[in-house]
J.: 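Handing you a structure now.
The structure displayed is predicted, hence computed values, not measured ones.
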Amino acid sequence: MDISAEPHTTDTDGNTQWPYWAQSQPELLKKLKSQLSGLTSAEAALRLQRYGANTVDAGSGSSAFRTLLKQFLSPLVLILIFAAGVAASVGELHDALIIGCIVLASSLLGFTQEYRASRAVESLRKSVSLSATVLRDGTARAVPAEAIVPGDIINLSAGSLVAADAVILASRDLNVSEAALTGETFPVGKAPGISPPQAQIGARLNCVFTGTSVRSGTATALAVATGHQTEFAAIAHAVTRQLPETEFSRGIRRFGYLMTRIMLVIVFVVFVANLLLQRPLIDSLLFSLALGVGLTPELLPAIISVTLARGARVMARQGVIIRRLEAMENLGSMDLLCTDKTGTLTEGVIRLDGCIAVDGAPSERVRLLALLNASLQTGLTNPLDEAILSSAGHVGKLADYRKVEEIPYDFARKRLSVVVDGKDGTVLVCKGAVANVLAVCTTARVGSVVRSLDAKLLNAVDERFRTWSEEGIRVIAVATRRIASKGAGFGKDDEAELSLEGFLLFLDPPKTGVKEALAGLKHRGIRIKIISGDNRYVVKHLAATIGLKCSHLLTGGEIAAMSSDALFARAAKTDLFVEIDPNQKEQIIKALRRARHVVGYLGDGINDAPALHEADVGISVDSAVDVAREAADIVLLRRDLDVLTRGIDDGRRTFANTLKYISIATSANFGNMVSMAIASLFLPFLPLLAKQILLNNLLADVPSMAIATDRVEHADVLRPKRWNIASIERFMFCFGPISSLFDFLTFGFLLLAMGAGVDQFRTGWFIESLITQLATMLILRTSAASWKSRPSRLLLGATVLIGIVAIALPSLPFSSTFGFVPLPAPLLAGLLGISLVFAVTLEIAKRLFFRQRSQRHA
């Protein structure tokens, strides 16, 4: 079989047919027509055309079709289409056609807005898309992950998100997290070699797979499968990121159940009652179903999408990119923000402030050892090494040493070692967290003498370390071991019986303005909790400096000894989580969410990915490692709490406008539909025809599309926004009956005062119903006095325009198509007078409602 002709054909089970994991490297390179220096740019471009983009996402065309199809698959729309079909089958072609046109217009309106919103968000997501380092034309270069093709040579390092299924060609202490693919919690060691042909994914230790991430070490790998041919794509239904149902989504679902129950009751009762009154079957059916549609805010999905998308665009201008639209409501609800300290609460520009020997004296030897370790390591880039390399001294002497081997950093050891050959022989140089380095030291260099690291000396070291930490200084230990040269093959076991050489002191001062930024978050009802791997003294010093509470502290060691229930009991009361193991971050976030908090987590490291995934809203920065950025819901273009604060404000405005539409639409619709249902039982004719109800509903929805642009009260930005189904119900059952009361007043005016006929009655009530809905929009959009809180220009303009259309509609040439007739001036003036009294009454009721609600919350 010519594998090179089709290197990633799959079988019916979705597994790659040819066992590339059981092939030797020369065979793979030959079959994929590749080489160790990588592909040429021209060949990569040809393969990209042949195999397609390295993505499992559907194309935009498919997305547009699904969005359009979703509009017509709504149960309400399907029922209306069915009813229109029934009407057409019994000869009511005119009504069926009008109803069909209104349904089509409503669905196309929803589709246009929702699709534009999805495209806007997709463009924002692409602005923070992933990249990968590959060899092209013999040199390493960063390319978009979508551009990787079979045959590419990929360079991986700690923090990389694996972008293709690949076979490892070379590696050094490579550990890969495969939890997304296999469910395995702990990182898996990977190395070059050959796996058995029958090996399952978890047993292919010479391969890495799309969607996994590198926890430690480095590697060079040969891409063999991309896009839809990867293992990730084959089981995408099982590995798709399953977000827990948010409070907002849960509220929408419960609200949907409420509306469905009310709709079914009204539709059934009205339909049966009209049949008992011997009304025409088709008219009764269409009227009942139109009532159900009129009650339901059927454009809710489109309104939510438009509102969230507009919020995302506004936030993008502020430097906040929304990767997952559904995260915006969580940002508005967030009441706890968990964060590391480096770069967020501190400047993030770490400075090497001192190189100190074990006896406390400055040491140029320690500086040289630190430079050797930092300059020769090739793993994860980190600020500490950058600070060491930017410090002056001994750079010229580095040429006297040759690197033999590297033992990369990992988050369990918290150490990194390089083995070098120099004039003094072969030396292992290790640096890392003080406790972790001391754990493998047996001696220490004190002055020019190497002595045993006994209890007395350890106590002196611990006292000095504590003093530095309490001053906010971060301390890294340096140790060495003279070692017999063995050419290569050094590993973690060689980090033993080391001699402590001294310490590196780093300063990372609090960020300018961070104290004020934290006060702003607190003013908005958000508490800050620090989750850090640093020692307790450094974290406590920083917290006290920037004004955070630090009375309740929990260490990683204490958490390790706790049950999940014990952590749940302690987590919400704890201010600082210190000396935390990376795997404990996710546990902490789970415990806080279990305590009914809406938790945000801000992180940018490899070990932050699980916590970012678990949080209600995962927040990262554009400079974060791939795996953290991919796990985040929101990406900050600047590591700045002020940027995040503005994003929170925008998220709360977006949330407020979404809930505003739901509250207004349901109360107005509920009142009108209940009025219509009751009227149909007592009037000798249907109060409105089905086509008139649907037209009324469509026109009322037009200004609703502008609700996303509306202003939000400042008070609504200063507290977390939470979905409250009970509040929505109170809103609907309070203001809905007011609308019904004025509808009945309108009925009396039309029938008793004006002696209106059937067509005049329907036309008059259509106008009054639509104008009162528009008035409801302008009055209930704010808790303040309506004349003090101006709506947005777009919302006001759309409302006024539809109001003019409502009054002018009966006089237009095609009005008879909908069963409307021109109204005499006295009748029209009376309707406008009733609408004005309604607006005044609604304003008074609104004040009483919000005053009572504020007293209830006080």
Side-chain angles (χ1 to χ4, degrees), residues 341 350 352-370 373 384 388 409 411-417 427-483 492-508 530 532-545 550-561 576-581 584:
K341 62 183 187 62
I350 298 175
L352 180 60
D353 195 56
C355 301
I356 308 298
V358 175
D359 59 5
S363 171
E364 289 303 309
R365 174 181 170 83
V366 172
R367 185 184 297 275
L368 174 60
L369 293 171
N373 184 286
L384 297 180
I388 295 169
Y409 181 88
F411 294 99
R413 290 166 36 249
K414 294 186 178 180
R415 299 187 296 266
L416 185 151
S417 298
V427 179
L428 181 147
V429 182
C430 175
K431 78 174 193 306
V434 173
N436 297 69
V437 172
L438 286 176
V440 290
C441 288
T442 55
T443 61
R445 182 181 296 274
V446 182
S448 58
V449 178
V450 175
R451 51 175 284 194
S452 174
L453 191 60
D454 54 21
K456 182 179 179 181
L457 186 54
L458 273 173
N459 287 336
V461 166
D462 184 63
E463 184 62 32
R464 188 170 286 117
F465 170 60
R466 179 169 180 169
T467 300
W468 283 326
S469 298
E470 288 176 345
E471 295 172 355
I473 298 172
R474 185 169 181 178
V475 186
I476 294 294
V478 179
T480 60
R481 175 188 172 191
R482 197 170 300 280
I483 198 165
K492 301 171 187 177
D493 293 341
D494 291 297
E495 291 178 335
E497 299 182 357
L498 305 188
S499 180
L500 181 65
E501 296 282 352
F503 308 96
L504 307 174
L505 310 184
F506 297 90
L507 283 179
D508 185 15
I530 299 179
S532 176
D534 276 357
N535 73 75
R536 67 195 73 183
Y537 310 114
V538 171
V539 178
K540 195 170 183 178
H541 176 272
L542 174 68
T545 303
C550 52
S551 53
H552 297 283
L553 183 146
L554 203 56
T555 68
E558 291 172 324
I559 291 175
L576 309 176
F577 298 89
V578 298
E579 300 166 15
I580 295 299
D581 182 273
Q584 294 175 329

J.: Between Arg481 and Glu497 (salt bridge meaning N to carboxylate O under 4.0 Å), is one present in this structure?
T.: no

J.: Which heavy atom of Leu457 sits nearest a heavy atom of Ser452, and at what distance?
T.: CD2-O, 3.9 Å

J.: To the nearest 0.5 angstrom, please state how far the CD atom of Glu579 sits from the CD1 atom of Ile559.
T.: 10.5 Å

J.: Backbone N or O of Asn436 within a donor-acceptor pair of the Arg415 side chain at under 3.5 Å?
T.: yes

J.: Could you tell me whether the side chain of Arg464 and the main chain of Val358 form a donor-acceptor pair under 3.5 Å?
T.: yes

J.: Please report the interatomic distance SG(Cys430) to CG(Asp494), rounded to the nearest 0.5 Å.
T.: 11.5 Å

J.: Run the numbers on Leu438 and Leu453 for side chain to side chain contact (heavy atoms under 4.5 Å, CB included), then give the verdict.
T.: CA-CA 9 Å; Leu438 286 176; Leu453 191 60; 4.1 Å; yes

J.: Could you tell me which non-hydrogen atom of Gly432 sits nearest to which non-hydrogen atom of Ile476, and how far apart they are?
T.: O-CG2, 3.3 Å

J.: Would a 4.5 Å heavy-atom cut-off, applied to side chains only, mark Val475 and Asn535 as touching?
T.: no

J.: So, does Asp508 use its side chain to make a donor-acceptor pair with the main chain of Ile350 at under 3.5 Å?
T.: no

J.: With sequence neighbours excluded, what pairs up with Phe577 under the ring pair (Phe, Tyr, Trp, His ring centres under 6.0 Å) test?
T.: none

J.: Any side-chain heavy atom of Ile388 within less than 4.5 Å of one from Phe506?
T.: yes

J.: Provide the closest heavy-atom pair for Leu553 versus Glu558 in the form atom of the first, atom of the second, distance.
T.: O-OE1, 4.1 Å

J.: Taking side-chain contact (heavy atoms from CB on, under 4.5 Å) as the definition, give me every residue that meets it alongside Arg445, ordered by chain and number, with sequence neighbours left out.
T.: Arg365, Val450, Glu501

J.: Looking at Glu495 and Ser417, what are the two nearest heavy atoms and their distance?
T.: OE2-OG, 2.6 Å

J.: If I take atom CD1 from residue Ile580 and atom CG from residue Asp534, how far apart are they, to the nearest 0.5 angstrom?
T.: 11.5 Å

J.: Considering all heavy atoms of both residues, which atom of Pro362 and which atom of Ile356 are nearest to each other, and what is their separation?
T.: CA-CD1, 4.1 Å

J.: Within a reach of under 6.0 Å around CG of Asp493, are more than 12 heavy atoms found that belong to other residues, nucleotides or ligands?
T.: no

J.: How long is the span from the CG atom in Leu500 to the OG1 atom in Thr442, to the nearest 0.5 Å?
T.: 10.5 Å

J.: Could you pull out the closest heavy-atom pair between Leu504 and Cys355, with the gap in Å?
T.: CD2-SG, 3.9 Å

J.: To the nearest 0.5 Å, how far apart are OG in Ser469 and CG in Leu542?
T.: 12.5 Å

J.: Is there a side-chain contact between Leu507 and Ile473, using heavy atoms and a 4.5 Å cut-off?
T.: yes

J.: Check whether any side-chain N or O of Asn373 sits under 3.5 Å from a backbone N or O of Leu369 as a donor-acceptor pair, and report yes or no.
T.: no

J.: Could you state the interatomic distance from OH (Tyr409) to NZ (Lys431), rounded to the nearest 0.5 Å?
T.: 9.5 Å

J.: Could you tell me whether Arg367 and Glu364 have a side-chain N and a carboxylate O separated by less than 4.0 Å?
T.: yes

